[in-house]
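The structure appears right after this line, and notes come after that.
Hydrogens, waters and symmetry mates play no part in the numbers below; they use all other heavy atoms, side chains included.
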Amino acid sequence: MFAAVMEQRPQLMVSAAAGDADSFAVLIEPLLDPAYRLAAVMLADRSAGEDAVQEASIKAWRKLRQLRGDLKSLRPWFLSIVANECRMARRQRWWSVLKVADVPSSQVKAEPGASSALREALLKLSLEDRLPLVLHFYLDLPLDEVAQALRVSPAAAKSRIYRAAKRLRSDLALEEVF
């Protein structure tokens, strides 16, 4: 099925740009899971992440004709829209005012294989430091796609990943790094 979609991708792009919603849905479907994971990590809230991906999908649908480059640029283009939606959500006034109920740590179920210290250290990073790390290590995007999503050169993307990882390392205890 996936191979058939990849072969039909140029035709799907043309028909989606012409206004065919079904073609757009076929193109965007494989990108929704990485987009949701990106938004959930950036906003540290699953429901806010879902809202950000939904808003980003609507914006991508409206601006699909503005997509420049080859078909490989669809994923970084869409993820950059998701990242911008997350930034806009964080800038809203009520985001910082909203209080979330404290849940005792014994009731919180950690994600399988996820270190709570690593997660806490990642959430302590600024949004601008967290984004390159999530794109490269969590979503496993190659460096050139990270650069496209961040709208910087590949050298700048590599530098941002390095600096963010260095800041993350400083928040972790020495025994947690090894």
*Just wondering, do R87 and E128 contact through their side chains at under 4.5 Å, heavy atoms?*
yes
_Tell me every residue that passes side-chain hydrogen bond (donor to acceptor under 3.5 Å, both in side chains) with S23, counting only those two or more places apart in sequence or in another chain._
S15, D20
*Reported NZ-to-NE2 distance for the pair K158 and H136, which is rounded to 0.5 angstrom*: 9.5 Å
*Closest heavy-atom pair and its distance - G49, L43*: N-CD1, 3.9 Å
*asked:* Just verifying a value: how many Å separate D140 CG and E145 CD, rounded to the nearest 0.5 Å?
replied: 10.0 Å
*Do side-chain atoms of S57 reach the backbone of V53 as a donor and acceptor pair under 3.5 angstrom?*
yes
*Applying the side chain to side chain contact (heavy atoms under 4.5 Å, CB included) test to L79, which of L141, L74, L31, L150 qualifies?*
L141
*Do L131 and L38 have side-chain heavy atoms sitting under 4.5 Å apart?*
yes
*Taking the side chain as every heavy atom from C-beta outward, state whether K166 and R163 have any pair of such atoms under 4.5 Å apart.*
no
_Note, I161 side chain near F137 side chain (heavy atom, < 4.5 Å)_ = yes
*CG of L27 to CG of D22: how many Å apart, nearest 0.5 Å?*
11.0 Å
*Taking the side chain from R37 and the backbone from L139, do they hold a donor-acceptor pair closer than 3.5 Å?*
no
_Side-chain heavy-atom pair R160, V146 within 4.5 angstrom cut-off_ = no
*What distance do L133 atom CG and R167 atom CZ have between them, rounded to the nearest 0.5 Å?*
10.0 Å
*asked:* If you define the side chain from C-beta out and look only at heavy atoms, does anything of R130 sit under 4.5 Å from L123?
replied: yes
*Kindly compute the distance separating SG (C86) from CG (N84), expressed to the nearest 0.5 Å.*
9.0 Å
